Protein chains: 2
Amino acid sequence: MELVWLVPVAGFSGVVFALWLAWDVLRRDTGTDAMRDVSSMIFEGAMAFLKRQYRTIAILALATGVLITIIVGSVSEGVKDITLNPAGQVAYGEKVVGHWKEGLLTGIAFLVGAAASALSGYIGMYISVRSNARCASAATRSLKEAITVSLRGGAVSGFLVVSLSLLGVSGIFLTYSRILDNPASITPFLIVGFGFGASFVALFAQLGGGIYTKAADVGADLVGKVEAGIPEDDPRNAAVIADLVGDNVGDCAGRGADLFESMSAENIGAMILGVVIYTVTGKIEWIMFPLVLRSFGILATIVGLTSVPFFARDDGRQDPMTPLNYGYYIVSALSVVGLFIATKVMLGDAWHWFFFCGLVGIATGIAFVYITQYYTSGSWRPVKEIAEASKTGPATNIIIGTAVGYETTAATAISIGLALVVSFVLGSHADIGVPGFSSGVFGTAVATMGMLMSAAYILSMDTFGPITDNAGGITEMSGAPESARHITDSLDAVGNTTKALTKGYAVASAGLAAFLLFSAYLDKVKERLEIPLTEGLPIDLSNVDVFVGGLLGVMLVFLFSSLAIRAVGNTASAIIEEVRRQFREDPGIMAGTSRPDYARAVDITARASLRQMVAPGLLAVGMPVAVGLIFRFTRTEDSGWLAVAGLVMIGTIGGILLATFLNNVGGAWDNAKKYIEAGRMVVEGAKPGETVVLGKGTDAHKAAVVGDTVGDPFKDTAGPSLHVLVKLLSTVTLVMAPLFIN
Amino acid sequence: MELVWLVPVAGFSGVVFALWLAWDVLRRDTGTDAMRDVSSMIFEGAMAFLKRQYRTIAILALATGVLITIIVGSVSEGVKDITLNPAGQVAYGEKVVGHWKEGLLTGIAFLVGAAASALSGYIGMYISVRSNARCASAATRSLKEAITVSLRGGAVSGFLVVSLSLLGVSGIFLTYSRILDNPASITPFLIVGFGFGASFVALFAQLGGGIYTKAADVGADLVGKVEAGIPEDDPRNAAVIADLVGDNVGDCAGRGADLFESMSAENIGAMILGVVIYTVTGKIEWIMFPLVLRSFGILATIVGLTSVPFFARDDGRQDPMTPLNYGYYIVSALSVVGLFIATKVMLGDAWHWFFFCGLVGIATGIAFVYITQYYTSGSWRPVKEIAEASKTGPATNIIIGTAVGYETTAATAISIGLALVVSFVLGSHADIGVPGFSSGVFGTAVATMGMLMSAAYILSMDTFGPITDNAGGITEMSGAPESARHITDSLDAVGNTTKALTKGYAVASAGLAAFLLFSAYLDKVKERLEIPLTEGLPIDLSNVDVFVGGLLGVMLVFLFSSLAIRAVGNTASAIIEEVRRQFREDPGIMAGTSRPDYARAVDITARASLRQMVAPGLLAVGMPVAVGLIFRFTRTEDSGWLAVAGLVMIGTIGGILLATFLNNVGGAWDNAKKYIEAGRMVVEGAKPGETVVLGKGTDAHKAAVVGDTVGDPFKDTAGPSLHVLVKLLSTVTLVMAPLFIN
């Protein structure tokens, strides 16, 4: 049990650090009255949305929790102890948990996971919408201060998410194993509900937030810029507050829940893998290792994040991305140290192989940071190519954008594939003395953990995005000086990059985690079929059930995206109607003499987006269950769990790559527009040697705006919801497994 | 050997019928001098392109044929006889074909397959470009005559493709088994090269043709309609002939090669399945059955096609789709009769189960005809929804179009999945007395054959499209009377529908055929690993090699689409430059006093598109081979063939669904534009009760044109090339299998 004491230490350190950050941000100057005014409207809108959203989610989660208890309780055969059988295999012994108790524990774990996820999203978002005016105010003074405020505001969310995930998983593990006195070897199976709860909330948080943010964005643009001809963030547009609220609910609360889920599910999946080794070696370290490694990650991130302001310079020439990058390097370097200590102390004689696996994971995280930058930042070929294509109109902008977007799947697939194979091979070299057990799969688990060590830092950078975006809007609406707007603009551009990075990171971690969770699913199936855990259980791809399950899995990914994209359109229509109505009924709004009813626009957007999130959400949860049941009852004995296995694994592959496309193409279209707006597209003029800048207001710019608008629901609604979907598929099937097996 | 005599009878009947159709079309009136003039330019352009394209393909095919001979000859261990072993299993006996002989026979089969595919494409296209002026001329007289000419012109291609596939496969089977005296049980393995040759030519024909047609289309539109402000098909546009040529090379030659390949590969895959049953029962019927069923299909189609003119009425009220639908019903009904006879006579006591399987296939074909119509025709919700979204501009048109396109994958996946599972279950009921052999897989094979019985009819309808499209262009350019243009317009609209149908049909058949070919691949692997054919060989999806192979397979699908879409953009730029140059250097063109240099535009398009087809084509052929080799040599013994299996199967799932999206969204965008142009979008006016038609020239129409342009490379280049890619993946790995196995 060496090093396990680190888990509570790091977990509570993370919480305390987050509280200190929150205190530090909240004590700062909130700016002018005008700033406070705008900020409080955003705050109220955001809180009203969250309240309404969490109410809906709470009802759905409670109902699902009860359903889980009943289903698992009635169809399960209870949990058998895991011991060595006479043949030396890891197999099942006596029943130690009755089926109703199993159902109850699973249902409770589900609700705890859901609650922890919701709590971290709520607090993080609370601080985020409290930070925006403070960032706007800081921007009137210096870049350095503005970076500090926005990064610290973002880090509250980052640390809470990671720490609550760690404390939640370890807390429920401790409770179930020590207090409720279950064997440590079966406890990981009892807490899989925690992961499902987390992904359940994440799915709805990301979907609802994603629909809200983009519907408000597209609606505000269409009715303001296009119809009424007023600028972006103009206070006369009734949808403008809804738009600013949307930045928070999508990027902050949504992505936080997404990564909360990645970490929780990955932790539980890795602990399940550790069970077999624990059973043979008797060393609990194999089960606790993921929690310890996460703890080192939190400590590394505290240091890295604290160091950022020291790298920031106020000379006006520094790219604000630079200090953030330095901070990330520090986190990575310290993670390597933590990885070294944890593997050496905990993982037996062959520890060095797992150390290498962890390095692969850390390197994969860094690789994704660079891949995403290459494809979505204006400094490289892809975005420039899209900007060039805008010269011949919106159609070519979309065509070339799509080609670039499809192309980005290659780097993602190759990186994830390489990470999986290399860590598998390295892990396979480790002789851990458990015959029949693939230490290669444990290697991929360590790689996933290594990658997720920097999660708190990545999340802090992500939440940085909406804070600076909001600060820009507040600066604009409150009539702050030009210099402040200049600072928030430069931070906003960085925020766009960090938001894109986080999505790439989330996709990659989803891919790695899925492979891990899948082996946990097989372990559950083996229990039911009474196959020793150290024996293989092939999922034969040439089996018609697996193949058709896979076909349905990829279909689910497309259909879900279709519903998510369409939901944005439907919600946007509701906002447009409302803004039009306000313009029509009160001519004073356009004249600038009366103030539009922002709250009503916020409220209508919230209600419409929450209504729209239900259908895709239920599709995601319901379809794997429905497929499992249909195949189980209409086909052969094994068809149910086989079809589900095909659906989850092949759906995951499709989902990861479609999400990559949607995220990257959206980011690239966005930045192609910004590239043109920044006056970076220079063409030959009519006379030889003459050059003309194709900037804002040209036809090329209008074409690029079309691409940007198309990309909005892709990158902020469908794409991010897809990575959550991918993980949800794994967790829902893990919990519901008994339902698919005769 | 009952009924086998039908194969040559039907094959030669098909050819004779095609010759009669060609004679009937060619003897008809070629219209006015102006019509002949335009038609001869199209003819020359099309032939010049084909000549150049076939030269490129011939070089690539020859090199590949030699490579195959060398590779298979040197890495294979020769072909062992297939017999019953003492345990009663179907297993391998003595080596009967040496490895160099195997290489040579495979290489020759490849070249014969490639040549037969090229020949059928060439002749079909020759007649098609000879039919267009005759159709235009017929349109000056009556709708009925115009339908007859265009359908018969299209049917030349349809019948040649199907008959040459049947004669090719049966001819090479006969040659290899009887003349070269190889056992009938191993001959199907020796002729797999034929399928690879066919798919090789199909891939390049579809890619080159698809790039050409859409680059010419997009280029002509952008430089003509958008830049110069002249109407579509205006003779002053130098790219207009290239555009008309493109319709033929894409839809006619490309799709013909695509279905040639489907049928050949499906035939060979089904014959390989029959080998096991033949070895046990000694009845050669199990191997010959696919050829006989295809023969019935040809005979049924001759009757159905001949009947179409009898259903056509000239009262001006009949939808031209109606007689085509009646013809299809007749083909389907006669196919059921043929299926009944063939299964009853040839497939032993349990024949009725396979009869039901065939019915499932025929029903699936009909289902796809309706699904495609629902999603791409203006009479239903999806297209109307896209048209509505055009009111708020191009961005919402693209967003809703994408949502609709993703949605269409659901109907496709569910239909294919249902067809596979139901035919598998029905087939499993048939007791054919071969222990260990899955008669379920044979059931899916019969379903595939049933579906493909109507291939000649579907292809005739497809080639109908470019003929009527061309006839419309000729009518426009030759100044024919308004009434003729009206007739060709109505036929053109039908042509759009039939082209879309064919793509849906091709996707579905690719999905079914892939499942079949995959089991043939496993049989090849079993031979090498000396596992009896009647034993299972699971492809474990939770194996890291299979999973990563699958990830790379779906990535290949996206990357290939990216290259194909981009190729259209690059080629279009070349045309735009050329047309601009001609306008600039000869002002007489715009004034209408001098004629543009059409031939040069055609030539430049041809050269650019052929250059652009090489990269995606080589990626498709090279990647499965590269993945197999890399995994074989860097991982474990079995990793090579396992990774390839994952790549092919999971890539197939991704490819089918992405192709469905690309085809359907393109068709829906096209018809949303046509819906608006036809004046069918009516909105409320400013006054209560007043209505306004949002038609041609409105902003909504402009937005719909953007969607249509985006959809062009999707539906006519990337989508159709993807179904060929899917089948190519199966055939290339089938031939190259020895390379991936230690």
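Computation of the quantities below employed the complete heavy-atom set of this structure, encompassing side-chain atoms and omitting hydrogens, waters and symmetry-equivalent molecules. Every chain is numbered from 1 and lettered A, B, ... according to where its sequence line falls, protein lines coming before strand lines. Here the structure is a predicted model, which is why all the values come from computation and not from measurement.
- Heavy-atom distances place the side chain of A:Leu662, and not its backbone, under 4.5 Å from chain B.
- Side chain of A:Asp540 to main chain of B:Ile539: a donor-acceptor pair is present (N/O by atom type, distance under 3.5 Å, no hydrogens or angles).
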Cut-off 3.5 Å, no hydrogens considered: what does the side-chain donor-acceptor table look like for residues 394-406 of chain A, sequence neighbours left out?
from     : atom 1 : to       : atom 2 : distance (Å)
A:Thr396 : OG1    : A:Ala389 : O      : 2.8
A:Thr396 : OG1    : A:Thr392 : O      : 3.4
A:Thr396 : OG1    : A:Thr392 : OG1    : 2.8
A:Thr396 : OG1    : A:Gly393 : O      : 3.1
A:Asn397 : OD1    : A:Trp669 : NE1    : 3.1
A:Asn397 : ND2    : A:Ser390 : OG     : 3.0
A:Thr402 : OG1    : A:Ile398 : O      : 2.7

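- Applying side chain to side chain contact (heavy atoms under 4.5 Å, CB included) to A:Phe558 and the options B:Thr412, B:Thr660, B:Thr408, B:Thr409 leaves one that passes, B:Thr409.
- Minimum interatomic distance between B:Ser562 and A:Glu407 (heavy atoms only, all atoms of both residues): OG-CB, 3.5 Å.
- There is no contact between A:Phe560 and chain B, counting heavy-atom distances below 4.5 Å.
- The contact between B:Phe661 and chain A is made entirely by side chain atoms (from C-beta outward), counting heavy-atom distances below 4.5 Å.
- Closest heavy-atom contact between B:Met555 and A:Ala413: CB-CB, 3.6 Å.
- Ring geometry for A:Phe547 versus B:Phe515: interplanar angle of 30 to 60°, hence tilted.
- Closest approach of A:Leu522 and B:Ser542 over heavy atoms only: CD1-OG, 3.6 Å.
- With a 4.5 angstrom heavy-atom cutoff, B:Ile656 does not touch chain A via any of its atoms.
- For the options B:Asp712, B:Val710, B:Val706, heavy-atom pairs under 4.5 Å to chain A are most numerous at B:Val710.
- For a residue to count as touching a neighbouring chain, one of its non-hydrogen atoms must lie under 4.5 Å from one of that chain's; by this rule B:Val548 touches chain A with the side chain only.
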Can you check side chain to side chain contact (heavy atoms under 4.5 Å, CB included) on B:Thr634 and A:Val421, steps first, answer last?
CA-CA 10 Å; B:Thr634 62; A:Val421 171; over 6 Å; no
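- When all heavy atoms of B:Leu657 and A:Leu551 are compared, the closest pair comes out as CD1-O, 3.7 Å.
- Only the side chain of A:Leu222 comes within less than 4.5 Å of a heavy atom in chain B; its backbone stays farther off.
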Pair A:Phe424-B:Asp545, side chain to side chain contact (heavy atoms under 4.5 Å, CB included): steps then yes or no
CA-CA 10 Å; A:Phe424 186 90; B:Asp545 301 314; over 6 Å; no
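- With chain B as the partner, the residue from A:Leu541, A:Val441, A:Ile565 showing the most heavy-atom pairs under 4.5 Å is A:Leu541.
- Neither the backbone nor the side chain of B:Ile630 comes within less than 4.5 Å of any heavy atom of chain A.
- Annotation: maximal heavy-atom pairing with chain B below 4.5 Å, among A:Leu556, A:Thr636, A:Ile653, occurs at A:Ile653.
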